[in-house]
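In this chain, numbering begins with 1 at the start of the sequence shown.
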Amino acid sequence: MFNVQIHVRLRPSILDPQGKAVLQAIQSSGEEMVQEVRMGKLIEVQMKGNSVQEVEEKAKQLADQLLANPVMEDYEIFVKEMAL
């Protein structure tokens, strides 16, 4: 069994109004160290498979077809084998 994390975020060229709103809220609270916020989503799944490579390839297919909009979003996949 494998734990798979798929991090999806807007491409840098895409305007991120949610990130801007969060940045404004943070800065309104008096925090001056935060200079930029980009929002995204984390999708975590457990998958069966014979190897990290096999699971990673299947997760990539899921991300391309269902979980991310490839026109507007980038994603990264992290696969970790779970202890039995």
Which pairs with one or both residues in [range] pass salt bridge (Lys or Arg N to Asp or Glu O under 4.0 Å), sequence neighbours excluded?
range          : result
residues 33-52 : none
residues 56-73 : K60-D64
residues 19-28 : none
residues 5-14  : R9-E76, R11-D74

Qualifying ring pair (Phe, Tyr, Trp, His ring centres under 6.0 Å) pairs, either residue in [range], two or more places apart:
range          : value
residues 24-72 : none
residues 33-70 : none
residues 6-57  : H7-F78
residues 26-70 : none

Open item on the list: According to side-chain hydrogen bond (donor to acceptor under 3.5 Å, both in side chains), who are the partners of K80, at least two apart in sequence or on a separate chain?
Closed with: none
Open item on the list: Once side-chain hydrogen bond (donor to acceptor under 3.5 Å, both in side chains) is applied, do any residues pair with N69, and if so which ones, sequence neighbours excluded?
Closed with: none
Open item on the list: Count I, L, V, M, F, W, Y as connected when their side-chain heavy atoms are under 4.5 Å apart, and connections chain through other members. Are V71 and L10 then in the same cluster?
Closed with: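 Yes, same cluster.
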Task: Hydrophobic cluster (4.5 angstrom, side-chain heavy atoms) - remaining members for M82 - done: M1
Open item on the list: Apply the hydrophobic cluster definition, ILVMFWY joined by side-chain contacts under 4.5 Å directly or through others, and give me every member besides V45.
Closed with: F2, V4, I6, V8, I43, M47, V52, V55, L62, L66, L67, Y75, I77, V79
- [ ] Mark yes or no for whether Q53, through its side chain, and N50, through its backbone, hold a donor-acceptor pair below 3.5 Å.
- [x]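 It does not hold such a pair.
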Open item on the list: Can you tell me if Q18 has over 12 outside heavy atoms packed within less than 6.0 Å of its CD?
Closed with: no
